[in-house]
Amino acid sequence: MRTHLCGELRTEHAGAIVTVCGWVARRREHGEHLAFVDVRDHAGVVQCVVDNSIDVRSEYVVRISGTVRARPDGTVNPNLSTGEVEIGDATVDVLHAATPPPFPIDERADDVDEGVRLQYRYLDLRRSRMQRNLRVRATVNSAVRRAMEEQGFVEVETPMLVPSTPEGAREFLVPSRKEPGSFYALPQSPQLFKQLLMVAGVDRYYQIARCLRDEDLRADRQYEFMQLDAEMSFVAQDDVLDAISRAVLAAAEAVTGERPPEIERMTWRESMERFGTDKPDLRFGLELVELTDAFAATEFKAFAGAGTIKGICVPGAAAAHGRNQLDKLTDRAKQLGAKGLVWLRVADDGALDSPVAKFLSAAESAAVVERTGAAAGDLVLIVADEWATTCDVLGQLRNDFGRPPVFHGPYRYVWIVDFPMFVGTDDQGRPKPGHHPFTMPHPDDAHLLGRDPMAVRSQAYDLVLNGWELGSGSIRIHDTTLQRQVFAALGIDEAAADRKFGFFLNPFEYGAPPHGGFAFGLDRLVALLAGEENIREVIAFPKTQSGADPMTHSPQPVEPALLDQLGIRMLPRRT
RNA sequence: GGUCCCGUGGUGAAGUCUGGAGUUCACGCCGGCCUGUCAAGCCGGAGGUCGCGGGUUCAAGUCCCGUCGGGACCGCCA
């Protein structure tokens with residue numbers, strides 16, 4: 001039907017008789033016998049010179065034949081990859097006349113209401129930006145598959161209809177027709193199955209897996225999302241990190257053409273101390289500065305007795321922060337959980353301008369200036385609180401002040417390792433698992449499980465890119481004795497463990513190999529590599545924030561007969 | 001469950017704070033002119049339940065209440 005793609009024609013094709021197919025992007029009329037018609041396909045746009053009597057309009061589907069020729073001097077369009085050529089004396093075959101689209105099929109639609117774009121997603125996707133995003137996604141999928149297969153991973157598909165499990169994210173339920181009143185769940189991840197594949201001796205499993213979680217949507221969260229899911233037997237943490245690193249870096253290289261440097265590693269503790277978060281954005285400084293010891297003997301009441309005192313120095317921010325802005329910053333810090341926020345502006349003469357300056361000794365003031373590196377015109381913000389609160393609040397303020405849009409280069413990948421085994425406590429005072437209850441403790445800390453569980457680190461790890469959590473994984477407990485100890489630390493007795501997790505752990509009795517794995521979100525990686533800050537832009541048919549699809553009008557009510565068959569009766573709507 | 005922003009011809013905006021005739025700008029659409037444009041240009045034209053419902057008022061796009069839709073975030077996402 002065609003000999004070339006619109007976007008691939010160059011001067012080397014001059015003289016060739018070609019046929020292209022596509023959509024009319026634009027028509028420019030110049031009199032009775034001359035019009036330019038730009039024809040667009042997924043590869044790009046090419047200008048065709050036609051007689052003005054031909055009736056083609058925006059988005060008509062056409063097949064155009066003619067001779068490729070260099071454009072006359074002075075008419076080259078440097079903004080177009082095909083801008084040095086045109087198809088001359090073109091004959092036009094209208095394959096389908098089109099109604100004018102509701103919005104322009106070009107970059108101007110970037111500003112169109114997203115609900116409208118989603119209602120006409122098939123038109124939105126016709127645009128070059130969206131075509132590029134779809135293809136970036138395909139490139140990432142392909143590169144990831146190749147990288148995993150080269151490392152001996154075997155692709156295994158796992159079921160979409162799985163049992164409901166009490167832990168973790170809210171699930172989507174699927175009613176059973178054969179057994180009314182019973183339900184399947186859609187998988188939030190293939191966790192159970194991939195570990196059983198290790199028991200089965202698959203050794204290295206991977207899957208580009210669809211996962212579903214019925215939690216509220218965000219710019220980086222959809223009900224349905226794709227993960228590179230992997231699990232490996234007879235490995236230590238480093239082996240998993242290496243294997244996943246290869247896949248991620250291969251994907252990045254396939255998209256950008258450049259091999260990123262090896263992914264650095266940072267302990268969770270260091271990340272919290274320096275960046276106040278477990279997903280640090282390493283593209284900018286503004287690191288948290290330790291001040292606790294400098295105020296060990298302070299008489300300033302707000303600092304005395306505080307667990308941890310830290311500060312950040314925002315260069316040049318003093319002038320832009322009058323009392324109003326500083327009050328707002330203080331409110332923000334309180335909203336984030338701090339008791340308060342101490343601010344100091346460095347005056348031109350180096351003096352500290354702050355309501356608390358008079359409470360600080362000369363040595364304390366000097367220490368603040370020296371450690372934060374504050375200079376004239378800088379703004380220093382200090383939080384004194386429990387360690388976790390201090391880090392968290394300053395980490396958020398650091399992001400507020402310094403964080404570029406997520407897609408701005410450079411790409412800074414980092415593995416966060418040595419997460420705490422337990423984070424916080426539940427309503428009955430029992431430790432809660434930081435990752436999940438099958439995570440292997442750090443070998444140096446396992447002996448602390450009984451005595452001081454909160455001090456135990458785990459072999460869990462996260463992959464972070466530019467402040468976005470791409471994914472997480474862990475080495476799993478394969479030994480039933482150790483698993484019992486962890487359950488004990490979690491306050492789960494043997495009967496409860498068997499009730500809650502028996503279906504999962506009993507198979508281990510038949511010989512579970514040491515194993516560990518990882519899963520990372522492909523939507524997020526693709527968005528970052530495509531330069532998008534919203535994963536909806538890299539998903540062909542996403543849902544809105546309220547979980548609806550304006551194109552298909554889902555979700556929808558169904559016929560009562562359908563519900564009868566499933567044994568389901570509607571309750572009256574709550575008002 | 002909560003906080004905030006947005007909703008005005010097909011599209012994007014201005015008008016809303018401070019009520020006074022559906023007013024304005026750009027794009028698109030329809031018709032005409034036009035032989036080298038490329039967001040072509042020029043002339044003319046059509047196109048509206050100001051998201052929806054209620055209230056206040058002599059008068060509501062504008063003020064108040066409710067509701068629906070879209071977005072950002074908190075909670076939530078072991």
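Order of the sequence lines fixes the chain letters, A, B, ..., with proteins taken first and strands second; residue numbering starts at 1 for each chain.
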Has R536(A) got its NZ or CZ under 6.0 Å from the middle of the six-membered ring of F541(A), at an angle within 45 degrees of the ring axis?
no
More than 12 non-hydrogen atoms from neighbouring residues, nucleotides or ligands closer than 6.0 Å to CD on E386(A), yes or no?
no
Between R129(A) and D110(A), does any side-chain N to carboxylate O distance fall below 4.0 Å?
yes
CZ of R403(A): more than 12 outside heavy atoms within 6.0 angstrom?
yes
Interatomic distance, D278(A) CG vs rC77(B) C1' [rounded to whole Å]:
13 Å
If rA59(B) has a Watson-Crick or G-U wobble mate with both distances under 3.5 Å, name it; if not, just say none.
none
By the Watson-Crick or G-U definition, both distances under 3.5 Å, rG19(B) is matched with none
Euclidean distance, atom CD of residue Q188(A) to atom C1' of rA78(B) [Å, nearest integer]
8 Å
Give none if rU3(B) has no partner; otherwise give the nucleotide forming a Watson-Crick or G-U wobble pair with it, both distances under 3.5 Å.
rA72(B)
Under 4.0 Å from OP1 or OP2 of rC29(B): is there any side-chain N or O of S58(A) that close?
yes
When you measure from the side-chain N and O atoms of S546(A) to the phosphate of rG70(B), is any distance below 4.0 Å, counting only OP1 and OP2?
yes
Identity of whatever pairs with rG47(B) - Watson-Crick or G-U, under 3.5 angstrom
none
Give a yes or no on whether the ring-centroid distance for H321(A) and F401(A) is below 6.0 angstrom.
yes
P-based separation of rC42(B) from rA26(B) [nearest Å]:
10 Å
Assess the side chains of R27(A) and N52(A): does a donor N or O sit below 3.5 Å from an acceptor N or O?
yes
Which is true for Q545(A) with a 4.0 Å heavy-atom rule: it touches a base, it touches only sugar-phosphate, or it touches nothing?
base
Using a 4.0 Å heavy-atom cut-off across all strands, classify A219(A) as base, sugar-phosphate, or nothing.
sugar-phosphate
Between R213(A) and rA78(B), does any side-chain N or O lie under 4.0 Å from OP1 or OP2?
yes
Atom pair distance, as rounded to whole Å: CG in D106(A) and P in rC27(B):
14 Å
Here the distance between atom P of rG41(B) and atom CG of N52(A), to the nearest Å, is 15 Å
Which value, in whole Å, describes the distance between the P atoms of nucleotides rA13(B) and rG55(B)?
32 Å
Of rA78(B), rA72(B), rC34(B), the nucleotide closest to the side chain of E29(A) is rC34(B)
Within a reach of under 6.0 Å around CD1 of I17(A), are more than 12 heavy atoms found that belong to other residues, nucleotides or ligands?
no
Rounding to the closest angstrom, what is the interatomic distance between rA78(B) and rA72(B) at atom C1'?
26 Å
May I have the distance from R218(A) (atom CZ) to rG70(B) (atom C1'), rounded to whole angstrom?
15 Å
Rounding to an integer number of Å, can you tell me how far D113(A) CG sits from rG9(B) P?
11 Å
Show me the side-chain donor-acceptor pairs of residues 83-92 of chain A shorter than 3.5 Å, one per line, residues at least two apart or across chains.
from: E86(A); atom 1: OE1; to: Q47(A); atom 2: NE2; distance (Å): 3.0
from: E86(A); atom 1: OE2; to: R69(A); atom 2: NE; distance (Å): 2.9
from: E86(A); atom 1: OE2; to: R69(A); atom 2: NH2; distance (Å): 3.2

OP1 or OP2 of rG31(B) sitting under 4.0 Å from any side-chain N/O of R57(A)?
yes
Please find out if less than 6.0 Å separates the ring center of H30(A) from that of F36(A).
yes
NA contact type, R536(A), heavy-atom cut-off 4.0 Å: base, sugar-phosphate, or nothing?
sugar-phosphate
Pick the C1' atom in rA14(B) and in rC76(B), then give their distance to the nearest Å.
39 Å
How far, in whole Å, is rU18(B) from rC6(B) if one measures between their P atoms?
16 Å
Could you identify the nucleotide paired to rU35(B), looking across every strand shown and requiring Watson-Crick or G-U wobble geometry with both distances under 3.5 Å?
none
With a 3.5 angstrom cut-off on both distances, give the Watson-Crick or G-U wobble partner of rU11(B), or none if there isn't one.
rA26(B)
Is any side-chain N of the basic residue among D55(A) and R57(A) closer than 4.0 Å to the acidic one's carboxylate O?
yes
Select base, sugar-phosphate, or nothing to describe what D51(A) touches, counting heavy atoms under 4.0 Å on all strands.
nothing
Could you tell me the separation between the CG atom of D400(A) and the P atom of rC73(B), rounded to a whole number of Å?
13 Å
Heteroatom pairs (N/O) under 3.5 angstrom, protein to nucleotides 35-39 of chain B:
from: rU35(B); atom 1: O5'; to: H30(A); atom 2: O; distance (Å): 3.4
from: rU35(B); atom 1: O4'; to: H30(A); atom 2: O; distance (Å): 2.8
from: rG36(B); atom 1: O6; to: R69(A); atom 2: NH2; distance (Å): 3.2
from: rG36(B); atom 1: N1; to: E86(A); atom 2: OE1; distance (Å): 3.4
from: rG36(B); atom 1: N1; to: E86(A); atom 2: OE2; distance (Å): 3.0
from: rG36(B); atom 1: N2; to: E86(A); atom 2: OE1; distance (Å): 2.4
from: rG36(B); atom 1: N2; to: E86(A); atom 2: OE2; distance (Å): 3.3
from: rU37(B); atom 1: O4'; to: H30(A); atom 2: NE2; distance (Å): 3.2
from: rU37(B); atom 1: O2'; to: H30(A); atom 2: NE2; distance (Å): 3.4
from: rU37(B); atom 1: O2; to: R28(A); atom 2: NE; distance (Å): 2.6
from: rU37(B); atom 1: O2; to: R28(A); atom 2: NH2; distance (Å): 3.1
from: rU37(B); atom 1: O2; to: Q47(A); atom 2: OE1; distance (Å): 3.4
from: rU37(B); atom 1: N3; to: Q47(A); atom 2: OE1; distance (Å): 2.8
from: rU37(B); atom 1: N3; to: Q47(A); atom 2: NE2; distance (Å): 3.1
from: rU37(B); atom 1: O4; to: Q47(A); atom 2: NE2; distance (Å): 2.9
from: rU37(B); atom 1: O4; to: R71(A); atom 2: NH1; distance (Å): 3.2
from: rU37(B); atom 1: O4; to: T75(A); atom 2: O; distance (Å): 3.4
from: rC38(B); atom 1: O4'; to: R28(A); atom 2: NE; distance (Å): 3.1
from: rC38(B); atom 1: O2; to: N77(A); atom 2: ND2; distance (Å): 3.1
from: rC38(B); atom 1: N3; to: R71(A); atom 2: NH1; distance (Å): 2.6
from: rC38(B); atom 1: N4; to: R71(A); atom 2: NH1; distance (Å): 3.2
from: rC38(B); atom 1: N4; to: T75(A); atom 2: O; distance (Å): 2.2
from: rA39(B); atom 1: N3; to: R108(A); atom 2: NH1; distance (Å): 3.0

Regarding D392(A) and T389(A), do their side chains bring together a donor and an acceptor under 3.5 Å, going by distance alone?
no
Nucleotides 2-6 of chain B: which of its N/O atoms have a protein N/O under 3.5 Å away?
none

In whole angstroms, how far is the P atom of rC74(B) from the CG atom of D392(A)?
11 Å
